[in-house]
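All remarks here apply to the structure that follows.
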Amino acid sequence: MSLPIDFSAEQYLFLHPDVRLAGINPEVHYLTWGIGEGRPYKPSPDPLVPKVRGQFNFDGLKTIHNHDFISDPRYIAAYDRGVQACGTDYQLYWRVHLGLWAARTAANRPGDFVECGVNYGFLSSAIMADLDWDYTGKTFYLLDTYSGIDDRFLSAEEKAGGVSDKSQKWVDDGTYTSNIDAVRANFSEWSNVKIIQGSIPDTLTQIDSTQIAYLHIDMNCMLPEVAALEFLWDRLVPGAMVLLDDYAYFGYQPQKDGMDEWAAKRNIAIASLPTGQGLLIKP
């Protein structure tokens with residue numbers, strides 16, 4: 001069987017990003033599997049259906065709804081830079097999409113960027129590549145222990161749930177990096193980056209910015225996360241983006257409970273997202 005005369009490899013990969021992500025030759029895929037699976041090789045004539053075909057089914061999120069962003073060249077370039085930072089594709093496609101959206105929105109507001117819980121720098125690297133960071137005039141503060149979770153700040157629920165053991169396992173197998181020199185090398189591509197090593201809340205005073213437009217919190221530990229938001233809240237400019245990585249993610253209930261309690265005291269609503277994230281916009 002031969003390829004249709006109007007077959008376009010580029011178009012096939014756009015329509016089926018799972019093939020691109022798998023690194024399979026589009027012509028081989030179409031002839032070997034695509035025809036049998038009923039995959040189209042050109043856009044649908046129906047103007048109401050999404051351009052990208054099939055289901056999105058990654059990172060605990062399964063949907064038939066529009067996910068054209070996954071084939072956007074700008075998104076792909078940013079995502080690939082994130083993968084470069086850690087050497088692994090965690091398949092956090094929709095979470096990164098939301099991170100890029102929040103960062104692009106925040107880039108139009110005065111203020112710097114802060115990430116609490118950086119690890120290898122997956123999302124922050126994607127953002128900096130996407131925004132062409134050196135031209136934003138902003139500083140990106142990157143805070144992490146670079147040694148896993150600090151047991152001093154675990155809640156009783158997290159201790160009971162074995163978070164300490166999980167953290168140590170992830171340090172041992174490289175899921176959590178302890179190589180801060182490699183992290184510095186990754187971010188050396190850009191200016192106006194401040195890498196701050198140590199435990200939050202101890203290191204928060206090293207953030208000397210008085211205006212913050214973007215805050216990403218991802219420490220897998222409730223007490224430092226709430227402490228970071230409380231400490232930085234008054235510095236967040238109106239309309240600042242706050243993205244909570246594990247707010248609604250399965251297996252991280254104490255983080256949601258802690259953030260909800262903090263938000264209730266301020267009469268603020270946190271949006272629970274199907275990606276497992278939480279989103280808060282500074283009033």
Side-chain angles (χ1 to χ4, degrees), residues 9-26 28-30 32-34 36-41 43-44 49-104 115 117-130 166 169-170 173-177 216-220 241 243-253 255-256 270-279:
E10 182 178 348
Q11 185 67 70
Y12 190 74
L13 292 177
F14 179 90
L15 293 172
H16 308 289
D18 60 318
V19 179
R20 173 178 57 78
L21 293 168
I24 303 174
N25 181 288
V28 172
H29 185 278
Y30 178 72
T32 307
W33 300 286
E37 294 173 359
R39 294 193 184 224
Y41 66 87
S44 170
V49 302
K51 295 175 183 177
V52 171
R53 304 302 297 271
Q55 291 183 336
F56 180 95
N57 188 10
F58 298 98
D59 192 27
L61 175 59
K62 183 177 181 179
T63 180
I64 62 171
H65 294 314
N66 193 305
H67 52 282
D68 289 351
F69 68 84
I70 204 169
S71 283
D72 176 12
R74 180 177 173 183
Y75 169 86
I76 293 171
Y79 190 91
D80 286 349
R81 183 60 181 85
V83 171
Q84 178 187 328
C86 58
T88 301
D89 183 358
Y90 296 117
Q91 299 186 319
L92 308 179
Y93 305 118
W94 214 304
R95 275 200 267 181
V96 171
H97 168 62
L98 284 167
L100 294 176
W101 168 82
R104 291 172 187 176
E115 183 168 71
V118 178
N119 202 18
Y120 289 93
F122 186 46
L123 180 57
S124 44
S125 294
I127 287 171
M128 295 173 82
D130 184 67
K166 181 190 292 185
K169 175 182 179 296
W170 284 354
D173 68 18
T175 301
Y176 286 159
T177 185
H216 181 235
I217 297 180
D218 180 15
M219 289 180 279
N220 297 342
M241 299 286 116
L243 195 60
L244 310 174
D245 185 70
D246 297 306
Y247 172 79
Y249 210 79
F250 182 86
Y252 294 87
Q253 187 65 34
Q255 289 165 249
K256 183 178 188 301
I270 300 173
S272 182
L273 306 179
T275 54
Q277 295 160 295
L279 178 63

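Numbering of residues begins at 1 and proceeds along the displayed sequence. This structure is a prediction, so every number in the text was calculated from the model and none was measured.
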Parallel, tilted or perpendicular: which one describes the rings of Phe56 and Phe69, with boundaries at 30° and 60°?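 Correct class here is tilted.
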
Is there a side-chain contact (heavy atoms from CB on, under 4.5 Å) between Asp245 and Ile217 once you walk through the steps? CA-CA 6 Å; Asp245 185 70; Ile217 297 180; over 6 Å; no

Using the test side chain to side chain donor-acceptor pair (under 3.5 Å), find all partners of Asn57 that sit at least two apart in sequence or belong to another chain.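 Per chain and number, Asn57 pairs via side chain to side chain donor-acceptor pair (under 3.5 Å) with no residue.
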
Which residues pass the side chain to side chain donor-acceptor pair (under 3.5 Å) test with Gln84, not counting sequence neighbours?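 Gln84: no side chain to side chain donor-acceptor pair (under 3.5 Å) contacts found.
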
Within the side chain of Asp246, is there an N or O that forms a donor-acceptor pair under 3.5 Å with the backbone of Asp218?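 It does not hold such a pair.
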
Flag, side chain of Tyr79 to backbone of Leu92, donor-acceptor distance under 3.5 Å: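 Such a contact is found between Tyr79 side chain and Leu92 backbone.
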
Between Arg95 and Phe122, is NZ or CZ placed under 6.0 angstrom from the six-membered ring centre and within 45° of the ring axis?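 Cation-pi check for Arg95 and Phe122: fails.
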
Run the side-chain contact (heavy atoms from CB on, under 4.5 Å) test against Asp72 and tell me which residues pass, sequence neighbours left out.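 Partners of Asp72 by the side-chain contact (heavy atoms from CB on, under 4.5 Å) criterion, ordered by chain and then number, come out as Arg74, Tyr75.
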
With sequence neighbours excluded, residues passing side-chain contact (heavy atoms from CB on, under 4.5 Å) with Trp170: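 Per chain and number, Trp170 pairs via side-chain contact (heavy atoms from CB on, under 4.5 Å) with Lys166, Asp173, Thr175, Tyr176, Asn220, Tyr252.
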
Looking only at heavy atoms, which two atoms of [X] and [Y] are closest? And how far apart?
X      : Y      : value
Ser125 : Arg81  : O-CG, 3.7 Å
Pro17  : Ile70  : CG-CG2, 3.2 Å
Gly99  : Leu243 : CA-CD2, 3.7 Å
Ala9   : Pro26  : CB-CG, 3.5 Å
Arg39  : Tyr30  : O-CE1, 3.7 Å

Could you work out, with ring-ring contact (aromatic ring centres under 6.0 Å, His included) as the rule, every residue matching His29, not counting sequence neighbours?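 With sequence neighbours excluded, His29 shows a ring-ring contact (aromatic ring centres under 6.0 Å, His included) to Tyr12, Trp33, given in chain and number order.
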
Taking ring-ring contact (aromatic ring centres under 6.0 Å, His included) as the definition, give me every residue that meets it alongside Tyr120, ordered by chain and number, with sequence neighbours left out.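 ring-ring contact (aromatic ring centres under 6.0 Å, His included) list for Tyr120, sorted by chain: empty.
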
Within this structure, what is the [atom1]-[atom2] distance for the pair [X] and [Y], rounded to the nearest 0.5 Å?
X      : Y      : atom1 : atom2 : value
Leu273 : Leu244 : CG    : CG    : 9.0 Å
His16  : Gln11  : NE2   : CD    : 9.0 Å
Asp130 : Leu123 : CG    : CG    : 10.5 Å
Leu279 : Met241 : CG    : CE    : 6.5 Å
Arg20  : Leu15  : CZ    : CG    : 12.0 Å
Glu10  : Ser71  : CD    : OG    : 10.5 Å

Side chains of [X] and [Y] in contact at under 4.5 Å (non-hydrogen atoms):
X      : Y      : value
Ile127 : Leu100 : yes
Val118 : Ser124 : yes
Tyr247 : Gln277 : no

Would you sort out whether Asp59 and Tyr90 count as a side chain to side chain donor-acceptor pair (under 3.5 Å), showing the intermediate values? CA-CA 8 Å; Asp59 192 27; Tyr90 296 117; over 6 Å; no

